[in-house]
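Here's the structure, in structure tokens; my notes come after.
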Amino acid sequence: SAVISQKPSRDICQRGTSLTIQCQVDSQVTMMFWYRQQPGQSLTLIATANQGSEATYESGFVIDKFPISRPNLTFSTLTVSNMSPEDSSIYLCSVVRGGQETQYFGPGTRLLVL
Amino acid sequence: DQQVKQNSPSLSVQEGRISILNCDYTNSMFDYFLWYKKYPAEGPTFLISISSIKDKNEDGRFTVFLNKSAKHLSLHIVPSQPGDSAVYFCAASQIQGAQKLVFGQGTRLTINP
């Protein structure tokens with residue numbers, strides 16, 4: 001498995017502001033993803049974070065709202081921009097190592113927007 | 001369009017007995033399936049997976065069964081232990097390599113002493 005950390009672990013933010021969430025892995029990985037889990041819901045893929053290029057977004061998610069960076073093979077950030085209460089969720093990063101088939105998740109960032 | 005469905009939001013099982021969690025899917029292109037366990041305030045923890053070329057995979061107390069014709073998979077936990085109490089998610093992907101996982105809604109399993 002991989003050791004994955006996320007910062008912050010939780011935050012309370014005011015509407016209209018932005019929050020950047022960091023995901024750090026203990027070793028190089030081939031794939032990194034960002035998911036959202038809204039209250040009482042399942043996990044939904046936001047985007048695939050591509051190293052050195054623009055992220056690949058899923059239907060319903062756009063770069064202006066969720067800009068993503070992945071400057072190297074162990075680190076990625078997700079920004080939740082111009083937040084509204086509907087953005088209150090748990091945001092999780094996940095990784096896949098080369099040659100493996102299993103996706104491992106970070107501990108998540110619990111976001112509450114007032 | 002819910003491509004992966006877990007129709008039981010909760011399940012209660014006596015300690016020592018078998019827990020059976022079910023999952024159905026609609027997309028016949030899915031070829032890799034995973035089960036995750038999630039405790040409150042933690043990220044999902046990988047439990048076990050199965051490729052579409054198999055119909056069973058076993059790892060200790062956990063066994064996953066896949067019925068491709070019925071588009072159904074199940075997770076068996078035997079014997080069930082109090083520490084197994086958590087929310088269980090099944091997930092599926094079209095691409096080998098666990099990319100772009102589609103998750104079910106989750107089933108909350110409670111193991112009673």
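Quick note on labels: first sequence line is chain A, next is B, and so on, each numbered from 1. Hydrogens, waters and symmetry mates are skipped; everything else that's a heavy atom, side chains included, is used.
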Notebook entry, point to check: Do A:L78 and A:Y35 belong to the same hydrophobic cluster, where Ile, Leu, Val, Met, Phe, Trp and Tyr are linked whenever their side-chain heavy atoms lie under 4.5 Å apart, directly or via other members?
Noted result: no

Note to self: If I take atom OH from residue B:Y36 and atom OG1 from residue A:T102, how far apart are they, to the nearest 0.5 angstrom?
What the structure shows: 6.5 Å

Next item on the list: Measure A:Q6 against the heavy atoms of chain B and call it side chain, backbone, both or neither at under 4.5 Å.
Entry: neither

Margin query: Is there a path of hydrophobic side-chain contacts, each under 4.5 Å between heavy atoms of I/L/V/M/F/W/Y residues, joining A:Y104 to B:F103?
Written below: yes

Next item on the list: Side chain from CB out, backbone as N, CA, C, O: work out which of these in A:L43 comes under 4.5 Å of a heavy atom of chain B, or both, or neither.
Entry: both

Check: Looking only at heavy atoms, which of residues 7-24 of chain A get nearer than 4.5 Å to chain B?
Finding: none

Check: Do you know which of B:S49, B:P9, B:G104, B:A91 has the most heavy-atom pairs with chain A at a distance under 4.5 angstrom?
Finding: B:G104

Check: Can you tell me how far the CE atom of A:M31 sits from the NZ atom of B:K100, to the nearest 0.5 Å?
Finding: 8.5 Å

Notebook entry, point to check: Linking I/L/V/M/F/W/Y whenever their side-chain heavy atoms sit closer than 4.5 Å, directly or via other members, would B:Y88 and B:L66 fall into one cluster?
Noted result: yes

Note to self: So, taking the atom named CD1 in A:I90 and the one named NZ in B:K38, what distance separates them when rounded to the nearest 0.5 Å?
What the structure shows: 4.5 Å

Notebook entry, point to check: Would one find more than 12 heavy atoms of other residues, nucleotides or ligands at under 6.0 Å from atom CZ of B:R17?
Noted result: no

Check: Counting only heavy atoms not in B:K5, do more than 12 sit closer than 6.0 Å to its NZ atom?
Finding: no

Margin query: Please determine whether residues B:L75 and B:L11 belong to a single hydrophobic cluster, defined as Ile, Leu, Val, Met, Phe, Trp and Tyr linked transitively by side-chain heavy-atom distances below 4.5 Å.
Written below: yes

Next item on the list: Below 4.5 Å from any heavy atom of chain A, which atoms of B:A41 appear? Answer side chain, backbone, both or neither.
Entry: both

Next item on the list: Determine whether B:V4 and A:I46 fall in the same hydrophobic cluster, where Ile, Leu, Val, Met, Phe, Trp and Tyr are linked whenever their side-chain heavy atoms lie under 4.5 Å apart.
Entry: no

Item checked: Interatomic distance, B:L101 atom CG to A:F33 atom CZ [nearest 0.5 angstrom] -> 7.0 Å

